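From a predicted model like this one, the values you see are computed outputs, not experimental measurements.
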Amino acid sequence: MRIVFMGTPDFSVPVLDALVAAGHKIAAVYCQPPRPAGRGKKDRPSPVQRRAEALGLPVRFPVSLKDPAAQVEFAALQADVAVVVAYGLILPQAILDAPTHGCLNIHASLLPRWRGAAPIHRAIMAGDAETGVCIMQMEAGLDTGPVLLREATDIGPEETTGALHDRLSAMGARLVAQALAQLPSLTPATQPEDDVTYAAKIDKAEARVDWTRPAVEVDRLIRGLSPFPGAWCEVQGERVKLLGSHLAEGTGTPGQVLDGFTIACGDGAVAVTMVQRPGKRAMPAAEALRGLDLGERIA
């Protein structure tokens, strides 16, 4: 098929690779424009842009698709279908209607649960037992379109957003290739109106650990915000990111250091397994403790 691919971050790259490997013709790749990054604040291309250029594919990064000229350029590609995954721009109706078979979105949740920006983070933070990927026919509403294919997967008891992200990315790549191969025979399933939840964008204000909360909630927060933006706490006045954890035995006053990096919560305790100190790499908690004194309590 003749495809326009629309995506920006790392999550989207395996999907682009899968489309190329399946023999589809990529008419153009749309992604977000390069953004300043790093100490020098130089413009840095997105992961999708870098991969597309390495594959020799034409890349476009319009600031908006509401401009009539941009819509004409998109329609001129005469695509059979557009595949959209974590692109980052709203698609106006003129864009949605341009490809022969419309626009297919790869969404990292079991719709209608966790529509919106941060479905992987929110699924872990809410304690969901499973999540998955949906291939959705896009329409004007926020992740409201009918679902063509879906696949579920369990969320591991110590799984982080980073690990789940990689699994769902690979799943989405496989599932969209399947959807394209079966497209004429697939029957879109309308999403039910009940059980709708929204995955709001992660606010950095959510990231500070509140040790008065139950251990199960603290554990979900740490794993749900790992690796970005990273849950954090203060250790002897130093801001330390907590990037891995599991529930542990033990009780004490909230924030009390029980053993190693096991910390008491409002109910139960959490064993922190991975941390990152300012200006240093992420490392196992046991390694960090060789140079980090927790004292009797952390905040």
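Arg213 contributes no side-chain N or O that, together with a main-chain N or O of Val218, makes up a donor-acceptor pair within less than 3.5 Å. Counting only distance, with no hydrogens or angles, the side chain of Glu73 and the backbone of Ala70 share no donor-acceptor pair below 3.5 Å. A donor-acceptor distance shorter than 3.5 angstrom exists from the side chain of Glu206 to the backbone of Asp203, with no hydrogens or angles considered. Counting only distance, with no hydrogens or angles, the side chain of His101 and the backbone of Val81 share no donor-acceptor pair below 3.5 Å. The backbone N or O of Val85 lies less than 3.5 Å from a partner atom in the side chain of Ser12, making a donor-acceptor pair. For the pair Arg2 (side chain) and Asp80 (backbone), a donor-acceptor distance under 3.5 Å is absent. Judged by distance alone, with hydrogens and angles left aside, the side-chain atoms of Glu217 form no donor-acceptor pair with the main-chain N or O of Asp210 at under 3.5 Å. A side-chain donor-acceptor contact under 3.5 Å links Asp143 to the backbone of Gly116. Of the possible polar contacts, one joining the Arg150 side chain to the Leu111 backbone as a donor-acceptor pair under 3.5 Å is found. Remark: the backbone N or O of Gly291 is paired with a side-chain donor or acceptor of Arg277 at under 3.5 angstrom.
Looking at Leu225 and Thr161, their side chains never come closer than 4.5 Å, going by heavy atoms from C-beta outward. Annotation: side chain of Ile202 is in contact with side chain of Pro229 (closest heavy-atom distance under 4.5 Å). Considering only heavy atoms from C-beta on, Phe261 stays 4.5 Å or farther from Ser245 through its side chain. Using a 4.5 Å heavy-atom cutoff, the side chains of Met171 and Glu151 are in contact. Between Met136 and Leu148 there is no side-chain heavy-atom pair separated by less than 4.5 Å. Between Arg113 and Val196 there is no side-chain heavy-atom pair separated by less than 4.5 Å. Residues Gln49 and Val29 form no side-chain contact, since every pair of their non-hydrogen atoms from C-beta on lies 4.5 Å or further apart. Residues Ile106 and Leu175 form no side-chain contact, since every pair of their non-hydrogen atoms from C-beta on lies 4.5 Å or further apart.
Shown are Phe5, Phe74, Phe61; of these, the ring pair (Phe, Tyr, Trp, His ring centres under 6.0 Å) with Tyr30 is made only by Phe74. Under the side chain to side chain contact (heavy atoms under 4.5 Å, CB included) rule, Ser226 has a single partner from Leu221, Thr160, Leu242, Ile124, which is Thr160.
Linking ILVMFWY residues whenever their side-chain heavy atoms come closer than 4.5 Å, directly or via other members, places Leu289 and Val275 in the same cluster. A continuous path of hydrophobic side-chain contacts links Val20 to Val176 [ILVMFWY only; heavy atoms under 4.5 Å]. Side-chain heavy atoms closer than 4.5 Å link hydrophobic residues (I, L, V, M, F, W, Y) into clusters, and following such links, even through other members, never connects Trp114 to Met125. Linking ILVMFWY residues whenever their side-chain heavy atoms come closer than 4.5 Å, directly or via other members, places Leu186 and Val15 in the same cluster.
A donor and an acceptor atom, one from each side chain of Arg297 and Thr253, are located under 3.5 Å apart. Side chain to side chain, Gln191 and Thr144 fail the donor-acceptor criterion of an N or O pair below 3.5 Å.
Summarising the local packing, CD of Gln93 is surrounded by more than 12 heavy atoms from other residues, nucleotides or ligands at distances under 6.0 Å. Within 6.0 Å of CG in Leu55 there are more than 12 heavy atoms belonging to other residues, nucleotides or ligands.
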- Worked check of side-chain hydrogen bond (donor to acceptor under 3.5 Å, both in side chains) between Thr153 and Glu130: CA-CA 6 Å; Thr153 184; Glu130 67 173 9; over 6 Å; no
- Steps toward side-chain contact (heavy atoms from CB on, under 4.5 Å) verdict (Thr212, Cys265): CA-CA 5 Å; Thr212 67; Cys265 301; over 6 Å; no
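Take Gln276 and apply the side-chain contact (heavy atoms from CB on, under 4.5 Å) test, not counting sequence neighbours, and it matches Lys241, Leu243, Ala282.
Taking CD1 from Ile26 and CG from Leu16, the interatomic distance works out to 6.0 Å, rounded to the nearest 0.5 Å. Rounding to the nearest 0.5 Å places CG of Asn105 at 13.0 Å from OH of Tyr87. The distance from the CZ atom of Arg35 to the OG1 atom of Thr8 is 8.0 Å, given to the nearest 0.5 Å. Residue Ser109 holds its OG atom at 9.5 Å from CD1 of Ile120, rounded to the nearest 0.5 Å. Atom CD1 of Ile3 is separated from atom CG of Leu77 by 12.5 Å, given to the nearest 0.5 angstrom. Annotation: the span from Met138 atom CE to Leu142 atom CG amounts to 9.5 Å, rounded to 0.5 Å.
Salt-bridge formation is not detected for the pair Glu158/Arg223: no Lys NZ or Arg NE/NH1/NH2 atom is positioned less than 4.0 Å from an Asp or Glu carboxylate oxygen. A salt bridge is defined here as a Lys NZ or Arg NE, NH1 or NH2 lying under 4.0 Å from an Asp or Glu carboxylate O, and Glu287 with Arg281 meets this definition.
For Leu96 against Glu139, the heavy-atom pair with the smallest separation is CD1-C, 3.6 Å. Across every non-hydrogen atom of Ala82 and Met6, the tightest pair is CB-SD, 4.4 Å. Closest of all the heavy-atom pairs between Leu65 and Pro92 is O-CG, 3.4 Å. Among all heavy-atom pairs drawn from Pro278 and Glu238, the shortest one is CD-OE2, 3.4 Å. Shortest non-hydrogen contact noted between Ala207 and Gly230 is CB-O, 3.6 Å. Pro119 and Ala108 make their closest contact through CB-O, 3.4 Å (heavy atoms, listed as atom of the first residue, atom of the second, distance).
Remark: Arg239 qualifies as a cation-pi partner of Trp232 under the 6.0 Å distance and 45° angle criteria applied to the six-membered ring.
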